[in-house]
2 protein chains.
Amino acid sequence: MADRGSYAKGVVRREEILTAALDVFSREGYRGTSLRDIAKQVGVSLPGLMHYFDSKEHLLTAILQKRDQVDGDAHPADGDFLDGLLAIMRHNRDVPGLVQLYITLAAAAEDPSHPAHSFFIERFAFVRLALAAVVRDRQAAGTARADLDPEHVARVLIAVADGIQIQWALDRTVDMAGDIERLWDAISR
Amino acid sequence: MADRGSYAKGVVRREEILTAALDVFSREGYRGTSLRDIAKQVGVSLPGLMHYFDSKEHLLTAILQKRDQVDGDAHPADGDFLDGLLAIMRHNRDVPGLVQLYITLAAAAEDPSHPAHSFFIERFAFVRLALAAVVRDRQAAGTARADLDPEHVARVLIAVADGIQIQWALDRTVDMAGDIERLWDAISR
DNA sequence: GTCTATAAGTCGATAGAC
DNA sequence: GTCTATCGACTTATAGAC
């Protein structure tokens with residue numbers, strides 16, 4: 001019974017730390033920042049930080065999960081899932097640190113023992129399903145060519161979104177959302 | 001005069017080390033391998049390795065440059081540049097370590113002080129130019145729609161190539177070259 | 001020019017006091 | 001639950017033999 005209180009407190013504290021860490025990475029960027037720096041900026045000691053996260057990799061993975069959750073809430077689907085993805089890509093211009101963190105962790109997640117491994121696999125599966133549904137809906141509505149393969153288009157849209165972030169990170173004049181929109185126009189007409 | 005010999009020797013030794021390192025990464029993969037491990041597998045001491053490369057980041061960048069050079073020689077353009085890119089993507093299935101190294105370094109290269117920063121900027125500029133030329137050539141030959149924007153298509157093809165490697169790293173059943181070919185078919189017809 | 005030997009400084013991670 | 005203190009491993013650097 002009484003344990004409930006402390007357990008809830010722990011969860012709340014963890015969420016506070018996660019929100020603060022997400023804020024730090026959004027503003028200041030990720031350049032191989034050490035756990036000591038993160039702890040300092042978040043306002044806890046290093047062991048205090050590691051009390052809530054098993055390792056640095058676990059913390060970074062949790063930050064990306066938190067980002068997805070926040071983005072999902074902040075950009076509700078006024079249109080369909082593809083419109084939502086474009087809105088998030090436009091928002092990404094304001095958080096270069098999260099873009100770099102995402103690409104870096106996606107590469108590291110190849111290792112099956114990496115904490116982000118299953119996160120990325122499930123994330124790609126979910127987004128692929130949602131985008132394939134968009135293609136089918138738009139085909140039914142007559143706003144997309146009928147001979148498009150929804151699964152293939154979905155996979156390619158994800159690849160473009162990820163790849164264009166790499167190019168944008170190196171050249172901030174790249175129009176990430178615009179390039180994706182133009183690709184959709186080219187394949188759907 | 002006599003300096004020539006020793007200078008050339010140094011360059012040769014550096015190339016030997018680079019070739020050995022490229023071979024190690026191709027076979028064994030890159031999972032944050034330490035410089036000591038690389039030195040041991042290449043057959044030199046740690047300071048012996050650092051005599052030829054200023055830092056770990058410089059070494060990894062040099063490995064990617066060497067990879068591009070080797071790939072360029074191994075896959076001469078029997079077709080045009082896009083055909084060559086597809087051949088390299090098919091070859092990439094055999095070198096997962098290099099794929100992971102490429103993505104990881106591309107993300108880290110966002111930092112202007114990173115040794116790979118200018119390498120990636122110049123690499124993207126070169127490939128974009130070459131792919132845009134392919135689009136124009138195929139348009140002239142009548143095998144691509146005339147209303148395609150060559151620069152935009154080039155940028156998108158690079159993004160798909162990079163992004164699809166991330167998905168393949170997490171799921172080896174992904175057909176990297178096939179997905180790019182199908183995208184080209186969809187936008188060029 | 002090339003190597004062996006060694007050390008400085010920092011990292012992620014942990015042990016144990018309170 | 002949060003701290004001080006500390007560990008081993010890492011990148012990086014230097015001194016000096018050949």
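The chains referred to below are lettered A, B, ... by the order of the sequence lines, with proteins before strands, and numbering in each begins at 1.
- For A/I17 and D/dT2, the CD1 to C1' distance is 11 Å, given to the nearest whole Å.
- Atoms NZ (A/K40) and P (D/dC3) sit 14 Å apart, rounded to a whole Å.
- Between the side chains of B/H58 and B/T61, no donor N or O sits under 3.5 Å from an acceptor N or O.
- The nearest whole Å value for the distance from the CG atom in B/D37 to the P atom in D/dA9 is 12 Å.
- An OP1 or OP2 oxygen of C/dA13 is reached within less than 4.0 angstrom by no side-chain nitrogen or oxygen of A/R36.
- The side chain of A/Y52 places an N or O atom within less than 4.0 Å of a non-bridging phosphate oxygen (OP1 or OP2) of D/dT2.
- No side-chain donor-acceptor contact under 3.5 Å links B/R155 to the backbone of B/H152.
- Contacts classified as salt bridge (Lys or Arg N to Asp or Glu O under 4.0 Å) and involving residues 21-30 of chain B (residues at least two apart or in different chains) are given here: B/D23-B/R27.
- Here the side chain of A/Q139 pairs a donor or acceptor atom with the backbone of A/L148 at under 3.5 angstrom.
- Residues in residues 56-66 of chain B take part in these salt bridge (Lys or Arg N to Asp or Glu O under 4.0 Å) pairs, two or more places apart or across chains: B/E15-B/K66.
- With respect to B/Y30, the side-chain contact (heavy atoms from CB on, under 4.5 Å) criterion is satisfied by exactly one of B/T104, B/L105, B/I63, B/I103: B/T104.
- We find that CZ of B/F53 is positioned 12 Å from P of C/dT2, with the value rounded to whole Å.
- Side-chain nitrogen and oxygen atoms of B/S45 include none within less than 4.0 Å of the OP1 or OP2 phosphate oxygen of C/dC3.
- In the region residues 106-114 of chain B, proximity to DNA chain D at under 4.0 angstrom, judged on heavy atoms, holds for none of the residues.
- Rounding to whole angstrom units, CZ of residue A/R31 and C1' of C/dT10 are separated by 17 Å.
- Applying the salt bridge (Lys or Arg N to Asp or Glu O under 4.0 Å) test to residues at least two apart or on different chains, the pairs with a partner in residues 169-178 of chain A are A/R172-B/E110.
- In terms of the side chain to side chain donor-acceptor pair (under 3.5 Å) criterion, residue partners of B/E151 (sequence neighbours excluded) are, by chain and number, B/R136.
- Contact between A/A62 and A/L18 at its shortest, heavy atoms only, is CB-CD1, 3.8 Å.
- Between A/H51 and D/dT2 there is no side-chain N or O to OP1 or OP2 distance below 4.0 Å.
- Checked against C/dC3, C/dA13, D/dT2, the side chain of A/K56 finds its nearest nucleotide in C/dA13.
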Which protein N or O atoms sit under 3.5 Å from an N or O of nucleotides 13-18 of chain D?
none

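- Distance B/L49 CG to C/dT4 C1': 15 Å, rounded to the nearest Å.
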